[in-house]
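One structure below.
Just follow the structure's listing: the first ligand is 1, and inside any ligand the first atom is 1.
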Amino acid sequence: MSSLYLHIPFCRSKCPYCDFYSQVADESQLDDYIDLLDAELQLQAGRRPATEPLETIFFGGGTPSLLSERQVAQLLNRANQQFGLARDCEISLEANPGTLTGDTLKEYRSAGINRISLGVQALDNTQLEQLGRGHTVEETRAAIAMIRQAGFDNLNLDLMFARPNLKTCDLESELTTLLSYGPEHVSLYGLSYEEGTEFFSRLQRGKLREADEALYREQYLLLHHKLTQAGFEHYEISNFARPDRRCRHNMSYWQRRTCLAAGCGAHSFEQRDWGIRRAVPADLDRYRRCLKNHRSPAETLETFTRQQAMAETVYLALRTADGLNYERFYQQFNQHPQQVFAAQIDRLAPHLLIHTDRWTFSIDSWLIYDHLISHFL
Ligand code: SF4
């Protein structure tokens, strides 16, 4: 199985908490960028041996819903021509409320998009304003209605918790509203204050207060309980799905499967030898220069050793409800994980659920995942 990630590093405006690489762009810059992405796909295909058809494609950003149907179709046609698309290829596009129209959505569907991931983030206008999101609750509701009318039956809604001044009871009523929209998938993000962002400097100046550990935990557990009660599977630390609606693209990351990537700031993973991770530096001028000179803009970040590949296999699997399957690990590495990681398992014993065929983390362990996996690094 292989996947393709297409990065669109443009937004209408910059949200004050966001540390992703994105720029505010006009239409001519977008056209120019799509031609560069197209050229990068051709360059990549020319340098790689033939692969299996793509099983998933993900337009991420940034705000990919700034693209026109023509631009989306140009990239999908190129991906199909160069790599081939599996018959049931999952093709997702990230969108923000306020950037969509009914016509564009219908055209996206005709171009091949079959899954929309909508950046809802909050369902309270005061909170949305504080987050600088540039859309309202009414626009979110209208966007969801248009997405359904256009025929999309696979919809993810992103929701943020641990926001400034967010009471848990208010989050609960926002979640009730979100569930009334009937999504197939929900992704949760706890707000973090990243250096270099406007929110970070407001935090430093005492203008914002960070949710403490207890509040973060309370809100995460509330979301877990409410969503699982509503029939969602909590299948990864931050992701919930209706039966058979897991995001196949994201599963490929946690299972260390090949994911090609194109675009300025994009990261790829190739399942060759023990794994190679590459990234395109977040620098549009450099990106353009490389492609105009027919050079790949990607740089190698990490070439995995066998030991590193085994460690990453364990800690990525522990992000998911499936956990680490002993048999699958043995098939890949010809060693039992219990032998390779005996010392780590001793240290993780209070947090690790040991089943007959696999290890998993509990929901509580997911809350301190970064700390727990430091034993494998
Ligand atoms: S829309 Fe998303 S990617 Fe763009 S600035 Fe806001 S949070 Fe960042």
- Item | Polar side chain donor-acceptor pair, Arg347 to Gln344, under 3.5 angstrom | no
- Main-chain N/O of Leu100 paired to Thr104 side chain as donor or acceptor, under 3.5 Å: no
- Message: With rounding to the nearest 0.5 angstrom, report the OH to CD distance, Tyr108 to Glu69.
- Response: 9.0 Å
- Parallel, tilted or perpendicular: ring planes of Tyr253 versus His249, cut at 30 and 60 degrees: perpendicular
- Message: According to ring-ring contact (aromatic ring centres under 6.0 Å, His included), does anything in residues 275-325 pair up with another residue at least two apart or in another chain? List the pairs.
- Response: Tyr33-Tyr287
- Show which atoms of ligand 1 fall inside a sub-4.0 Å distance from at least one heavy-atom site of Gly62. 3 (S)
- Cut-off under 2.8 Å, centre atom 6 (Fe) of ligand 1, protein N/O/S atoms: Cys15 SG
- Please check if any side-chain donor atom of Tyr235 sits under 3.5 Å from a side-chain acceptor atom of Arg245, or the reverse. no
